[in-house]
Amino acid sequence: MRLSRYFLPVLKETPSEAQIVSHRLMLRAGLIRQEAAGIYAWLPLGFRVLQKIEQIVREEMNRAGAIEILMPTLQPSDLWKETGRYDAYGPEMLRIKDRHDRELLYGPTNEDMVTEIFRAYVKSYKQLPLNLYHTQWKFRDEVRPRFGVMRGREFLMKDAYSFDLDKEGARRSYNKMYVAYLRAFTRMGIKTIPMRAETGPIGGDLSHEFIVLADTGESEVFCHKDLLDMPVPGEDVDFDADLEPIVRQRTELYAATSDVHEAARFEREVPPDKRVNARGIEVGQIFYFGTKYSVPMKATVTGPDGKDVPIEGGSYGIGVSRLVGAIIEASHDDAGIVWPEPVAPFDVAVLNLKAGDTATDKACEEIYAKLTAAGRDVLYDDTSDRPGAKFATMDLIGIPHQIVVGPRGLEKGTVEIKVRKSGAKEELSLAETINRFAK
RNA sequence: CGGGGCGUAGCGCAGUCUGGUAGCGCAUCUGCUUUGGGAGCAGAGGGUCGCGUGUUCAAAUCACGCCGCCCCGACCA
């Protein structure tokens, strides 16, 4: 992408409404624009990151055997009346009436609807286990939205729903999601720790929150230090095998958010030098809730014994839009965002320090063409801005690798490459540079 | 929802107390010079002062009402 043709509205000054660093940087780097309290438009750069995160989640859900669907944002109220949640949810639920005076709602979650879909088609235990998921915009009318996309009212969430014949099956489904989450977050370049959590209005008796440690996190968390550096299962993990050992390795160590924290147990189970008391951002949560929805909604299957039984369910959410903010909280410096490569909006930036100069133009065009042909996402700054402004912008938007092309280097036949994260600089020839990045 | 604060040009702000031609910096546009860490000079454009009602000869400024946004707290992916 040529910057001169792109839409990248960066701000030199920080808008006054933004308090925390991820919100400030998202506005300054031109990722989002606020349209109302807790409601944001995604600008090109932000949308790219959002899509990269969504795609990683999709790949890991698919790997774990979940099947993607897409449910609507608007739902009829009838479903929610069946489960009793229409009244239970309260003013957080945005209620709407259509022209026929039918009650609709902008979905805050989809257990009711997915259970309706399930019960319409699935009648036999032979079709289980089943895990259906989608990534869709949700709306929760928070009293007080804040921190940009970290706590908006409209947010993009991946939510998966498992259906099993019995508790043991549900437990296996839960474990699959547990492992898939570890993998997905790790691929995004962030470290998350699963922690025991309250089940909240969704209900159930087994739940973990996946927490990113960050000073600006909303919740206080307590955990065993060894959880921080525990290796995450690789691509070759077999989701059809018994995942219990992987899950148990983590769950047997203390980890809890302040809501469910037990100080005495923490001090009993965790030696003083292993106690971590920090702040964190919740980026995912998994629940087992049994028959909470299948019983009132009569979502039953016929078992091997010929008897109808309500299915055992679980639900599994990942805050896709929140992750954009959470990743920035976990990865930035004074100059701006430092994107982990897998979620960066572009892989490589090419900075033409003297646009209009025949030699630099030619070198830049060659690098741009060859890296693009090699499948790299390249952002080529071909504008006539001054070098200082270009450096500042690229640092701000956090592209992982910068290729700096200017007359000074070209006289010696070199360009400079800079790693955004470390700041490390290296002088390479044109050919070496292309060779390095053309994967 | 309780408490606090703020709405003036795209962004950051002054002006409001004490009513009297709407300002500054950045950004934008034009020209010239400049070009390795957010350039300089000269010129130009851009504002229903959140909305409404009232007071007044006169309202960004005073009064009342409303809307929006932010912060602290209680609540949540």
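Every heavy atom of this structure was used, including side-chain atoms; hydrogens, water molecules and symmetry mates were not. In the text below, chain A, chain B and the rest are named by the order of the sequence lines, each starting its count at 1.
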Could you measure between the two C1' atoms, the one in B:G5 and the one in B:C76, and give it in whole Å?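 Pairwise C1' distance, B:G5 against B:C76, rounds to 24 Å.
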Quiz item: Roughly how far apart, to the nearest Å, are B:C49 and B:U21 at atom P?
Solution: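 Nearest-Å result for B:C49 against B:U21 at atom P: 15 Å.
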Return no unless some side-chain N or O of [X] is found under 4.0 Å from OP1 or OP2 of [N].
| X | N | value |
| --- | --- | --- |
| A:Arg153 | B:C76 | no |
| A:Lys12 | B:C26 | no |
| A:Arg146 | B:C70 | no |
| A:Thr393 | B:G38 | no |
| A:Arg386 | B:A39 | yes |
| A:Gln34 | B:G68 | no |

- Query: Going by atom types alone, do A:His134 and A:Asp159 pair a side-chain donor with an acceptor below 3.5 Å?
  - Reply: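 Yes.
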Return the nearest nucleotide to the side chain of [X]; candidates are [options].
| X | options | value |
| --- | --- | --- |
| A:Leu353 | B:C75, B:G38, B:G36 | B:G36 |
| A:Ala392 | B:G38, B:G36, B:C69 | B:G38 |
| A:Glu13 | B:C26, B:C71, B:U35 | B:C26 |
| A:Arg322 | B:C13, B:G36, B:C76 | B:C76 |

Strand partner of B:C6, provided both Watson-Crick or wobble distances fall under 3.5 Å: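 Pairing partner, where one exists within any strand: B:G68.
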>> Taking pairing as Watson-Crick or G-U wobble with both contacts under 3.5 Å, can you name the mate of B:C24, or confirm there isn't one?
In response: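 Pair assignment: B:C24 / B:G12.
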| message | Using a heavy-atom cut-off of 4.0 Å across all strands, would you classify A:Ala36 as base, sugar-phosphate, or nothing? | response |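 A:Ala36: backbone/sugar contact only, no base atoms under 4.0 Å.
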What residue among A:Arg436, A:Lys418, A:Glu416 forms side-chain contact (heavy atoms from CB on, under 4.5 Å) with A:Glu426?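 One option only clears the test, and that one is A:Arg436.
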Do you know which of A:Met394, A:Gln402, A:Arg2 makes side-chain contact (heavy atoms from CB on, under 4.5 Å) with A:Asp381?
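Per the side-chain contact (heavy atoms from CB on, under 4.5 Å) rule, the option paired with A:Asp381 is A:Met394, out of A:Met394, A:Gln402, A:Arg2.
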Using the six-membered ring wherever Trp is involved, compare the ring planes of [X] and [Y] and label them parallel, tilted or perpendicular (cut-offs 30° and 60°).
| X | Y | answer |
| --- | --- | --- |
| A:Phe346 | A:Tyr6 | perpendicular |
| A:Phe266 | A:Phe222 | perpendicular |
| A:Tyr178 | A:Tyr174 | tilted |

Taking N and O atoms by type only, does the side chain of [X] place a donor or acceptor under 3.5 Å from a partner on the base of [N]?
| X | N | answer |
| --- | --- | --- |
| A:Thr14 | B:G12 | no |
| A:Arg151 | B:C75 | yes |
| A:Asp395 | B:G37 | yes |
| A:Arg28 | B:G38 | yes |

Exercise for the section: With RNA chain B as reference, determine whether A:Gly409 or A:His23 sits nearer its 5' end, using the nearest nucleotide of each. Expected result: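 Of the two residues, A:Gly409 wins.
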Worksheet item: Considering heavy-atom distances to RNA chain B, does A:Ser16 or A:Ala389 have its closest nucleotide positioned more toward the 5' end?
Response: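 It is A:Ser16, whose closest nucleotide lies nearer the 5' terminus.
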